[in-house]
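Only one structure is covered here, and it is reproduced in the block below.
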Amino acid sequence: MAHRLSSPLYRRLSSSFSTATKGKVPLLYKSPEINEDNGNEAVTLQVLSWGRGASGQLGGGIEEIRIYPSPVANLLFPHASFSLSPTPGKTQNQDQKDQTLHSVGISCGLFHSGLVVGGKLWMWGKGDGGRLGFGHENPAFVPTLNRHLDSVSFVALGGLHSVALTSKGEVFTWGYGGFGALGHRVYHRELVPRLVEGNWSRNIRHIATSGTHTAAVTESGDLYTWGREEGDGRLGLGPGRGPNEGGGLSIPSKVKELPTPVAAVSCGGFFTMALTEDGQLWNWGDEGKVLSWGHGGHGQLGHSSIQNKKVPATIEALADKRVVYIACGGSSSAAITDEGKLYMWGNAKDQQLGVPGLPEVQASPVEVNFLMEDDGLGTHNVLSVAVGACHAMCLVSRSPC
């Protein structure tokens, strides 16, 4: 039976959300710059989700399973006036780094989701451990505004915790603090966002997190990691950097083995990927190729096998593509090409790859196609993607053929 909430926001949007599959997608954000004079020139961005949504993380107001990418909400901007927020795995040009107004980004956690638009943070899904940052542990089945943060430029959601970056270069974390994933040198939960006081000398420009570990990149390209470490190397700190309590390292520590500056980083369940400033996807120490490493038991490394990789290995299926965006989930991965195409691989048990009929273990990348609805908005150009444990989201721009 579908589970529904009775919050004011849900009551206000329930009709739109429940009929979203019929083409009536709720309008979550409309730029204040849109008026009668320029309304016809507005650009529609669409948030889509798919996979298993038993905890509300799909944002449709009910418990459901979506086997194809389906709309959650529409966002309206004046033509060419928006930019992607620096979501995990996505590089930025200088114009994007300087622009905070009209920026938009998405993220998936274990059983929760987030959207940044116009400096505001919207959260929904499971609330256990305080991961939504509302000051309580109740769930939210539709996108709900978090009023404890402002000027948000970047959000990254983990297993039972969340991370946000502000336009001032400050990092905030909240939720379950076990294994040190919050970076506060303590291991208790935080119900509202709390500032991370790291030993970096420059402002943070990029963040990423996953089930139990977190990463941050400074303006100079230095990479810091913290959280759980079980000997699999996910923190990239090398030998001799074991946990300081309960299997975790709660103090942000610099990854010193990287020979070139890092532009972006993405954290998987037991592995990590980094993107250099020249737009190439690689692992600690190697360069010039698309690589991945760590636990590969669900095919999430994309090497057409389920073998673990302790050293960098090229993802051959993407060798002829120019990848501009990467994302790691608990046991699934994704990449977007410069042509706006989305590829996914890894665990497909809960339909989280968005391609029906796949085996539970999809060990090589497959292209995700979108259903064309009679809504007059046109084709889908994928801008960003986020992957959780059993669901995924993407942000697309829609334009007529």
Side-chain angles (χ1 to χ4, degrees), residues 17 20-21 25-26 28-29 44-75 84-90 103-117 121-126 131-132 140-144 146 154-159 162-164 208-210 266-268 325-336 340-348 350-355 368-371 380-398:
F17 275 102
T21 57
V25 182
L28 185 66
Y29 177 83
T44 299
L45 299 190
Q46 210 167 54
V47 180
L48 299 100
S49 65
W50 60 94
R52 181 178 294 274
S55 301
Q57 63 266 43
L58 297 185
I62 59 174
E63 294 180 353
E64 59 181 325
I65 295 177
R66 295 179 172 182
I67 63 175
Y68 294 100
S70 302
V72 176
N74 285 343
L75 316 172
L84 290 181
S85 70
T87 29
K90 179 70 172 64
S103 65
V104 57
I106 56 174
S107 182
C108 290
L110 185 62
F111 299 117
H112 64 309
S113 305
L115 166 71
V116 173
V117 56
L121 175 62
W122 298 76
M123 301 283 290
W124 62 98
K126 199 168 187 176
R131 72 191 82 178
L132 300 183
F141 274 60
V142 294
T144 305
N146 187 311
F154 198 150
V155 64
L157 307 184
S162 304
V163 187
T209 196
S210 186
S266 185
C267 300
Y325 199 121
I326 56 174
C328 302
S331 55
S332 306
S333 304
I336 299 173
K341 295 183 177 181
L342 173 63
Y343 292 84
M344 296 196 70
W345 60 97
N347 190 349
D350 293 307
Q351 312 297 327
Q352 62 265 52
L353 301 189
V355 181
V368 179
N369 294 309
F370 296 85
L371 296 177
H380 299 74
N381 179 55
V382 183
L383 303 176
S384 65
V385 63
V387 187
C390 58
H391 77 295
M393 292 197 305
C394 71
L395 182 69
V396 303
S397 63
R398 302 289 305 277

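For the numbers below, each heavy atom of this structure counts, side chains included, while hydrogens, waters and symmetry mates do not.
Between V104 and L115, some side-chain heavy-atom pair lies under the 4.5 Å cut-off. With a 4.5 Å cut-off on side-chain heavy atoms, H380 and C394 do not count as touching. Counting heavy atoms from C-beta on, the side chains of L28 and V117 never come closer than 4.5 Å. Side-chain contact between V387 and Q352 is absent, with no heavy atoms from C-beta onward closer than 4.5 Å. A 4.5 Å side-chain heavy-atom check between F154 and S103 finds every atom pair outside the cut-off.
With S70 contributing its side chain and Y68 its backbone, the two residues share a donor-acceptor pair below 3.5 Å. Looking only at distances, no side-chain donor or acceptor of S162 sits under 3.5 Å from a matching main-chain atom of L157. Between the side chain of N146 and the backbone N or O of L132 there is at least one donor-acceptor pair closer than 3.5 Å. Looking only at distances, a side-chain donor or acceptor of Q57 sits under 3.5 Å from a matching main-chain atom of R52. Side chain of S49 to main chain of M393: no donor-acceptor pair is present (N/O by atom type, distance under 3.5 Å, no hydrogens or angles).
The nearest pair of heavy atoms linking P143 to G59 is CD-O, 3.8 Å. Considering every non-hydrogen atom in both M123 and G114, the closest pair reads SD-CA, 4.1 Å. The two atoms that bring C108 and G388 nearest to each other are CB-N, 3.4 Å, heavy atoms only. The nearest pair of heavy atoms linking S107 to A386 is CA-CB, 3.6 Å. For G158 against H112, the heavy-atom pair with the smallest separation is O-CE1, 3.1 Å. Residue F111 comes nearest to C390 through the heavy atom pair CE2-SG, 3.7 Å, listed as atom of the first residue, atom of the second, then distance.
Annotation: the span from L48 atom CG to R66 atom CZ amounts to 8.5 Å, rounded to 0.5 Å. S384 contributes atom OG, which lies 6.0 Å from atom CD1 of I336 (distance to the nearest 0.5 angstrom). Taking CG from L58 and CH2 from W50, the interatomic distance works out to 10.5 Å, rounded to the nearest 0.5 Å. To the nearest 0.5 Å, the span separating CE on M344 from OG on S332 amounts to 5.5 Å. Remark: L342 CG to N381 CG distance equals 11.0 Å, nearest 0.5 Å. Within the model, atoms CZ of R398 and CZ of F370 stand 9.5 Å from one another, a figure rounded to the nearest 0.5 Å.
Among V25, V72, V396, the single residue meeting the side-chain contact (heavy atoms from CB on, under 4.5 Å) criterion with V47 is V72.
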Using the side chain to side chain contact (heavy atoms under 4.5 Å, CB included) rule, take V368 and V385 through it: C-alpha gap first, then chi angles, then the decisive distance, then the call. CA-CA 11 Å; V368 179; V385 63; over 6 Å; no
